[in-house]
Amino acid sequence: QVQLIESGGGLVQAGGSLRLSCAASGRTLSGYAMGWFRQAPGKEREYVAAIKWSGGSTYYADSVKGRFTISRDKAKNTVDLQMNNLKAEDTAVYYCAADDRGYVGSHYYEYDYWGQGTQVTVSS
């Protein structure tokens, strides 16, 4: 069983930056795939980015490519999401997710474990 806790959300002006962090506990993440999703009010949960824990390969949704960077710290057992040049449409609750099969999926149902989410609000 993996427990995930997100932090780093907040209020920022358009064009600004935020860094989200996801701390994992319960077991090591070797062989896992880790993802970030977001959900705005009235909308479905949306894929943002993912990373393979072992090899470090990264994947991004087109809407954030070039602005967001996902990374992992094996020593700290954390996955971060650096968000730059934020836009009003990035406003959402951001969730960290883990898949113990190591498969990098872009659908929420492909992930087994979820954090409680952290709010990101971008003012225009």
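What you see is a predicted model, and the numbers here were worked out from it, not measured in a lab.
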Could you tell me if the side chain of [Y] sits less than 4.5 Å from the side chain of [X], heavy atoms only?
{"X": "R38", "Y": "V120", "answer": "no"}
{"X": "E110", "Y": "Y103", "answer": "yes"}
{"X": "S71", "Y": "R19", "answer": "yes"}
{"X": "V2", "Y": "D100", "answer": "no"}
{"X": "S21", "Y": "K76", "answer": "no"}

Indicate if [X] and [Y] have the same hydrophobic cluster label, given that clusters are the connected sets of ILVMFWY residues with side-chain heavy-atom separations under 4.5 angstrom.
{"X": "L29", "Y": "I51", "value": "yes"}
{"X": "Y113", "Y": "Y94", "value": "yes"}
{"X": "Y59", "Y": "V64", "value": "no"}

Short side-chain to backbone donor-acceptor contact, [X] and [Y], under 3.5 Å:
{"X": "E6", "Y": "T118", "result": "no"}
{"X": "T91", "Y": "V122", "result": "yes"}
{"X": "S54", "Y": "G31", "result": "yes"}
{"X": "N77", "Y": "A24", "result": "yes"}

_D80 vs Q82, side chain to side chain donor-acceptor pair (under 3.5 Å): CA-CA, chis, key distance, verdict_ = CA-CA 6 Å; D80 289 356; Q82 176 66 42; over 6 Å; no
Got a second to check how far [X]'s [atom1] is from [Y]'s [atom2], nearest 0.5 Å?
{"X": "Y95", "Y": "L4", "atom1": "OH", "atom2": "CG", "result": "13.0 Å"}
{"X": "W36", "Y": "L20", "atom1": "CH2", "atom2": "CG", "result": "4.5 Å"}
{"X": "K52", "Y": "I70", "atom1": "NZ", "atom2": "CD1", "result": "13.0 Å"}
{"X": "Y32", "Y": "R101", "atom1": "OH", "atom2": "CZ", "result": "11.5 Å"}
{"X": "Q1", "Y": "Q3", "atom1": "CD", "atom2": "CD", "result": "6.0 Å"}
{"X": "T58", "Y": "M34", "atom1": "OG1", "atom2": "CE", "result": "14.5 Å"}

State, to 0.1 Å, how close [X] and [Y] come at their nearest heavy-atom pair, and which atoms those are.
{"X": "L18", "Y": "G8", "value": "CD2-O, 3.9 Å"}
{"X": "F68", "Y": "V48", "value": "CD2-CG1, 3.7 Å"}
{"X": "V93", "Y": "G117", "value": "CG1-CA, 3.8 Å"}
{"X": "M83", "Y": "L86", "value": "CB-CD2, 3.8 Å"}
{"X": "N84", "Y": "S17", "value": "OD1-OG, 2.9 Å"}

* Show your working on salt bridge (Lys or Arg N to Asp or Glu O under 4.0 Å) between D90 and R67 and close with a plain yes or no. => CA-CA 11 Å; D90 294 318; R67 300 189 297 124; 2.8 Å; yes
Next item on the list: If the plane angle is over 60° it's perpendicular, under 30° parallel, otherwise tilted; pick one for F37 and Y111.
Entry: perpendicular
task: Please confirm whether Y108 and W114 have ring centers closer than 6.0 angstrom.
output: no
